[in-house]
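We count residues from 1, following the sequence as given.
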Amino acid sequence: MGKFGLQFKATLENVTNVRPLGDDFRWFLKLKCGNCGEISDKWQYVTLVESAPLKGGRGSASMVQKCKLCGRENSIDILGDTITPYKAEDSERFKTMVQFECRGLEPVDFQPQDWTDYDEKVSESVGIYEVTHQFIKC
């Protein structure tokens, strides 16, 4: 069992903060089995509102899955109290936005996207650019 932090880094233009909106926010991840090393080929998502029971009645997690290659049951749980907004003053620096408790797997990739728009009220462009990320062991 281990905890992994998702660190986010971006350039913010006229944006005060970036944060997940609502408990149904989808964190899109690629996951690696700790037993055989198999990495999921498709993006998988976890949310705070979805929960699945762990084998043997040991509680629940945001997602429970069997590895396609070795058949081991693995799980990942979002630690909701660790979710932190990425603020304008964090711009261009890595900051941990969320932590995941993982059993038998680890996150290896996250799917962020650049976002741009135009704020008609103040006649300025707004955007989130140069988005990068990394995972750290907590």
Side-chain angles (χ1 to χ4, degrees):
M1 179 167 54
K3 291 181 184 175
F4 294 89
L6 170 59
Q7 292 194 322
F8 184 86
K9 178 177 155 184
T11 301
L12 305 183
E13 178 188 15
N14 298 318
V15 174
T16 57
N17 70 66
V18 177
R19 62 184 170 81
L21 190 57
D23 288 349
D24 59 347
F25 178 83
R26 294 180 176 187
W27 298 91
F28 282 91
L29 306 168
K30 285 202 175 178
L31 304 166
K32 177 175 137 183
C33 177
N35 187 48
C36 69
E38 175 74 3
I39 297 175
S40 56
D41 54 347
K42 295 181 181 173
W43 291 102
Q44 299 171 294
Y45 71 84
V46 291
T47 70
L48 282 170
V49 294
E50 294 182 22
S51 182
L54 293 169
K55 196 176 193 179
R58 297 175 297 151
S60 63
S62 300
M63 182 177 68
V64 178
Q65 69 175 22
K66 276 193 175 183
C67 176
K68 284 193 239 176
L69 191 62
C70 71
R72 180 176 170 170
E73 183 179 274
N74 301 318
S75 66
I76 183 169
D77 202 26
I78 302 167
L79 300 175
D81 59 348
T82 67
I83 297 173
T84 309
Y86 188 85
K87 298 179 180 177
E89 57 266 22
D90 301 318
S91 191
E92 301 179 21
R93 292 189 319 218
F94 279 108
K95 179 181 179 181
T96 302
M97 289 188 70
V98 64
Q99 290 182 23
F100 302 98
E101 187 170 330
C102 302
R103 293 178 191 94
L105 55 77
E106 71 178 85
V108 293
D109 204 358
F110 168 64
Q111 188 180 46
Q113 297 182 1
D114 286 4
W115 171 79
T116 58
D117 204 347
Y118 189 77
D119 187 338
E120 293 178 13
K121 289 180 184 175
V122 292
S123 300
E124 289 185 340
S125 64
V126 292
I128 305 167
Y129 308 102
E130 301 168 11
V131 177
T132 56
H133 66 281
Q134 64 187 15
F135 289 97
I136 59 164
K137 195 151 177 65
C138 300

Decide yes or no for P20 and I83: does some side-chain heavy atom of the first lie under 4.5 Å from some side-chain heavy atom of the second? yes
Around atom CD of E120, are there more than 12 heavy atoms from other residues, nucleotides or ligands closer than 6.0 Å? no
Would you check if S62 and S51 make a side-chain contact, meaning some heavy-atom pair closer than 4.5 Å? no
May I ask you to decide if R19's main-chain N or O and Y86's side chain share a donor-acceptor pair within less than 3.5 Å? no
Could you give the distance from CD (E92) to OG1 (T11), rounded to the nearest 0.5 Å? 4.0 Å
Donor-acceptor contact below 3.5 Å, side chain R72 vs main chain K68: no
Taken to the nearest 0.5 Å, the spacing of F110 CZ from H133 NE2 works out to 7.5 Å
C36 versus C70, closest heavy-atom pair with distance: SG-SG, 3.9 Å
Could you measure the distance from the SG atom of C33 to the CG atom of L105? Nearest 0.5 Å is fine. 7.5 Å
Verdict with supporting geometry, L54 and R103, side-chain contact (heavy atoms from CB on, under 4.5 Å): CA-CA 10 Å; L54 293 169; R103 293 178 191 94; 3.8 Å; yes
Hey, is the main chain of P85 close enough, under 3.5 Å, to the side chain of K95 for a donor-acceptor pair? yes
Flag side-chain contact, heavy atom, 4.5 Å: Y129 against E13: yes
When rounded to the nearest 0.5 Å, the distance separating CD of E106 from CG of N74 is 11.0 Å
Hey, what do you get for CD (Q99) to OG1 (T84), rounding to the nearest 0.5 Å? 8.5 Å
Report yes or no: is the cationic atom of K137 (NZ for Lys, CZ for Arg) under 6.0 Å from the centre of the six-membered ring of F4, at an angle within 45° of the ring normal? yes
Can you name the side-chain contact (heavy atoms from CB on, under 4.5 Å) partners of T47, sequence neighbours left out? R26, Y45, V49, E50
Closest non-hydrogen contact found for V64 with P53 is CG2-O, 3.7 Å
Run the ring pair (Phe, Tyr, Trp, His ring centres under 6.0 Å) test against F135 and tell me which residues pass, sequence neighbours left out. none
Evaluate the side-chain contact (heavy atoms from CB on, under 4.5 Å) criterion for residues L31 and I39: first the C-alpha distance (whole Å), next the side-chain angles of each, then the deciding distance (0.1 Å), finally the verdict. CA-CA 6 Å; L31 304 166; I39 297 175; over 6 Å; no
How many angstroms lie between CH2 in W43 and CH2 in W27, if you round to the nearest 0.5 Å? 13.5 Å
With the threshold set at 4.0 Å, does a side-chain nitrogen-carboxylate oxygen contact exist between R93 and D90? yes
Treating Ile, Leu, Val, Met, Phe, Trp and Tyr as nodes and any side-chain heavy-atom pair under 4.5 angstrom as an edge, say whether F94 and V131 lie in one connected cluster. no
Using modelled atom types only, decide if a donor and an acceptor are shared between the side chain of N14 and the backbone of S125 within a distance under 3.5 Å. yes
Which atom names give the shortest non-hydrogen contact between G127 and V15, and what distance separates them? O-CG2, 3.6 Å
Could you tell me which residues satisfy side-chain hydrogen bond (donor to acceptor under 3.5 Å, both in side chains) with T96, sequence neighbours excluded, listed by chain and number? Q7
State whether a side-chain donor-acceptor pair under 3.5 Å links S75 with Q65. no
Using the side chain to side chain contact (heavy atoms under 4.5 Å, CB included) rule, pick out the option among T82, L79, L29, D77 that qualifies with F100. L29
